[in-house]
Amino acid sequence: MNRYPTWGYVLIGVAIVLAALYTVPNFYGESPAVQVSPAKQTVKVEPALLGRVEESLKQANIAYTRMQLDPVGVKVRFASADAQLRAFDVLNQALNPEKDNPSYAVALNLVPASPNWLAALRATPMALGLDLRGGVHFLLQVNMEEALKKRLDGLTADIRQQLRDKNIRYTGVTREGNALRVRFTDPEMRAKAHEAIANNIPDLQLAERDDGQGGAIVATVRADALKRIQEAALKQNISTLNNRVNGMGVSEPVIQQQGQDRIVVQLPGVQDPVRARDVLGRTATLEVRLVDEDAQRTGNTAGTDVFPNAESRSGAGNARSNVPTKRQVIVTGDQFVGAAATFDQDHRPAVSVELDPAAGRAMRDVTRQNLKHLMAIVLFEKGKGETISVATIQGEFGSRFQITGNFTPVETNTLALLIRSGSLAAPMEIIEERTVGPSLGKENIERGFHATLWGFLAIVVFMSIYYALFGVVSSVALGLNLLFLIGLLSLLPTTLTLPGIAAIALTLGMAIDANVLINERIREELRGGSTPQAAIAAGYERAWATIFDSNVTTFIVGASLLLVPGAVRGFAVVHCLGILTSIFSSVVVSRAMINLVYGHRRKVERLSIGNTAWK
């Protein structure tokens, strides 16, 4: 009746061991470290970087405890802050000989100090939020007027192209505020233009005006199209910010939309707001140009723009170290709709690119006239350009085409990423900046820890006095519940914040409530004349329905809070996980311990479940 099978105890034991394994790294703290990551989007993280870092530290006679290479860059861990600062200076000088044009960002950082064997098992500490670890908070305002302006410029080109294709005569297309005015000398031409624009450019709402001999058409962006423009601008800016922040190696950054035109950026662990502001405000744009092949052959670059070739840095193909380009810009970065790594018809790595309609028409005209010539994609960052691709035009193409060359799959993924995230859809302004110091974060952790500890001890004292042995068992189950919860938070990609600590404290109260229900139910069964063994079985089984119903309703509320961004979501994540662990610990684990105490006895005369030893 009150016995678990052996496999049940084994399962509980394995769960406890795993929870302890993933909880332990949180007690090792963090070690001072230096992180080296690319400062430019064209610089790649390669194994050779690890060798350069190692050689530089060896020459400077700086000892380190661990060095690792990950997709973000190289992290070097040191035994002391003094060695960390020395390594910071040495690596800055060795990796960035050009101080005004650094290729790598060298930053002070903190990394987990847990042993290598734990790291090999992917047992890492919980990621801490801004309020616990310290860091930088930014609130960015997206200039939606500029996003609309860019779209209107594109629509202006679309209107001109449509009128040209239909042989419709007009006197001019001008932008007046957020509207486009198309003027005509012939009313018949205006009527034809109205039909052509309405059929081919559905984003515009048209109205005719009689302000001249042939009148005019005033075009404004429809409300639904305006909303799409704003949403697309926010989405692209958030994606671009994510790519930029990844280069900083920030653990668990928060980048999310706030309202209709604002973006919140939280960078835990970053204590240099100047560098963070520089990375977030980086203005990177793309341009597609024709290569000036005459200048390339003769070396006479007068009248051309010469850019270094990023491909030559990685040794890709036949790329030359410098590329002279014509000054005419065919396509700009904001006209790229998407890019993805793929393979061509010969199964060679390639990049599939999609342009907006205006850029597609411009590309079609240029490629038709320049077959078998070279075309370059230039990335401008901090006012300096660098070619990220030089390819031969193999045929006429428009909005969709492939970039092929002597690429590897890794290089096509990198190129696609650069094309997708090379520029912001609209400029942004930092309207709020806040720095949380590590000392304040440490103080928050200590306060949260003490609040949870004293709450836990108060519960243990009460339960042990009021329910005797059953109270002690409930307290042990409560402690295991806390172990399971911390282990899950360390294992899953979640970030613990101050509201999350509040959720942990709340979970303790909810978990012990289930054991109170069970213990009281056992008491009622004893009062009703049940034997001790029957009372234990009935207490757990009949209290289960109540425990399940109350936890399900609470879980539903917690799950709904997951839709709320910010600190509330952090609370909801811990709250929902705590409900799951509390059900397991209060029902399964506590009964397993009670079964170990009473289950093997053939006859139980008394149960230690309160001030009165019930028979």
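By convention here, the first residue in the shown sequence is residue 1. Only this structure's heavy atoms are used, side chains among them; waters, hydrogens and symmetry mates stay out.
- A salt bridge between Lys372 and Glu396 is absent, with no side-chain N of the basic residue lying under 4.0 Å from a carboxylate O of the acidic one.
- Atom CD of Gln68 sits in a crowded spot, with more than 12 heavy atoms from other residues, nucleotides or ligands closer than 6.0 Å.
- Closest approach of Arg289 and Val329 over heavy atoms only: NE-CG2, 3.9 Å.
- Between Leu140 and Leu241, some side-chain heavy-atom pair lies under the 4.5 Å cut-off.
- Within the 4.5 Å cutoff, the side chain of Glu432 has heavy atoms near those of the His137 side chain.
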* **Steps toward side-chain contact (heavy atoms from CB on, under 4.5 Å) verdict (Leu374, Ile393)** => CA-CA 6 Å; Leu374 295 176; Ile393 301 172; over 6 Å; no
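- When all heavy atoms of Ala219 and Leu204 are compared, the pair lying nearest together is CB-CD1, 4.0 Å.
- Counted within 6.0 Å of CZ on Arg228, heavy atoms from surrounding residues, nucleotides or ligands total more than 12; the atom is thus considered enclosed.
- When the ring pair (Phe, Tyr, Trp, His ring centres under 6.0 Å) test is applied to Phe397, the partners found at least two apart in sequence or on another chain are Phe401.
- Formation of a donor-acceptor pair under 3.5 Å by the Thr342 side chain with backbone atoms of Ser352 is not found in this model.
- Taking each heavy atom of Gly398 and Arg364 in turn, the nearest pair found is CA-NH2, 3.7 Å.
- Judged purely by atom type and a 3.5 angstrom limit, Thr298 uses its side chain to pair as donor or acceptor with the backbone of Asn300.
- Atom CG of Asn143 sits about 9.5 Å away from atom NZ of Lys149, to the nearest 0.5 Å.
- Under the side chain to side chain contact (heavy atoms under 4.5 Å, CB included) test applied with Leu180, the options Leu206, Leu152, Asp158 reduce to a single match, Leu152.
- Taken to the nearest 0.5 Å, the CG atom of Asp203 stands 5.5 Å off from the CZ atom of Arg151.
- Here the shortest heavy-atom pairing between Pro308 and Asn322 reads CA-OD1, 3.6 Å.
- Counting heavy atoms from C-beta on, the side chains of Leu163 and Val182 come closer than 4.5 Å.
- Judged by distance alone, the side chains of Thr325 and Asp305 never bring a donor and an acceptor atom under 3.5 Å apart.
- Inspection of the Gln205 and Arg222 side chains reveals no N or O donor paired with an N or O acceptor under 3.5 Å.
- With hydrogens and angles disregarded, a donor-acceptor distance shorter than 3.5 Å links the side chain of Asn96 to the backbone of Tyr104.
- Closest approach of Leu562 to Ala572, counting heavy atoms only: CD2-CB, 3.7 Å.
- Proximity of Ile255 to Ile263: side-chain heavy atoms (C-beta onward) are separated by under 4.5 Å at one or more points.
- Counting only heavy atoms from C-beta outward, the side chains of Thr185 and Tyr170 never approach each other to under 4.5 Å.
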* To do: Test side-chain hydrogen bond (donor to acceptor under 3.5 Å, both in side chains) on Asp165 and Gln161 and set out the steps.
  => CA-CA 6 Å; Asp165 292 344; Gln161 186 66 40; 3.0 Å; yes
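- Checking side-chain atoms of Asp346 against main-chain N and O of Arg348 turns up no donor-acceptor pair under 3.5 Å.
- You'll find the side chain of Val390 reaches within 4.5 Å of the side chain of Thr387, heavy atoms only.
- Across every non-hydrogen atom of Pro324 and Thr304, the tightest pair is CB-OG1, 3.9 Å.
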* Asked: Could you go step by step and tell me if Glu145 and Asn178 meet the side-chain contact (heavy atoms from CB on, under 4.5 Å) rule?
  -> CA-CA 9 Å; Glu145 287 294 326; Asn178 292 333; 3.6 Å; yes
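- A distance of 10.0 Å separates CG in Leu69 from CD in Glu46, rounded to the nearest 0.5 Å.
- Ring-centre distance between His575 and Phe571: below the 6.0 Å cut-off.
- Between Met189 and Phe184 there is a side-chain heavy-atom pair separated by less than 4.5 Å.
- For the residue pair His373 and Glu293, a side-chain donor N or O sits within less than 3.5 Å of a side-chain acceptor on the partner.
- Here the CD atom belonging to Gln162 is positioned 4.0 Å from the CG atom belonging to Asn200, to the nearest 0.5 angstrom.
- Heavy atoms from other residues, nucleotides or ligands lying under 6.0 Å from CD of Glu176 number more than 12.
- Side-chain atoms of Arg190 come within 3.5 Å of backbone N or O of Arg209 as a donor-acceptor pair.
- At distances below 3.5 Å, at least one donor-acceptor pair connects side-chain atoms of Arg175 with backbone N or O atoms of Gly177.
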* Asked: Checking side-chain contact (heavy atoms from CB on, under 4.5 Å) for the pair Met363/Val331: CA distance, chi angles, key distance, verdict?
  -> CA-CA 7 Å; Met363 185 68 76; Val331 175; 3.7 Å; yes
* To do: Applying side-chain contact (heavy atoms from CB on, under 4.5 Å), run through Glu433 and Phe138 and close with a yes or a no.
  => CA-CA 5 Å; Glu433 178 181 334; Phe138 293 104; 3.5 Å; yes
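- Put simply, the side chain of Gln257 gets close to the backbone of Gly259: a donor and an acceptor are under 3.5 Å apart.
- If you check the side chains of Asp261 and Gln230, you find no donor sitting under 3.5 Å from an acceptor.
- Considering only residues two or more places apart in sequence or on other chains, Arg400 meets the side chain to side chain donor-acceptor pair (under 3.5 Å) condition with Glu354.
- At a threshold of 4.5 Å between non-hydrogen side-chain atoms, the residues Leu95 and Arg52 count as touching.
- Note that the CZ atom of Phe555 and the CG atom of Leu577 stand 8.0 Å from one another [nearest 0.5 Å].
- Summarising the local packing, CD of Gln260 is surrounded by 12 or fewer heavy atoms from other residues, nucleotides or ligands at distances under 6.0 Å.
- Arg368 and Asp365 are joined by a salt bridge, as a carboxylate oxygen and a charged side-chain nitrogen come within less than 4.0 angstrom of each other.
- Rounding to the nearest 0.5 angstrom, the gap separating the CE atom in Met428 from the CG atom in Leu139 is 11.0 Å.
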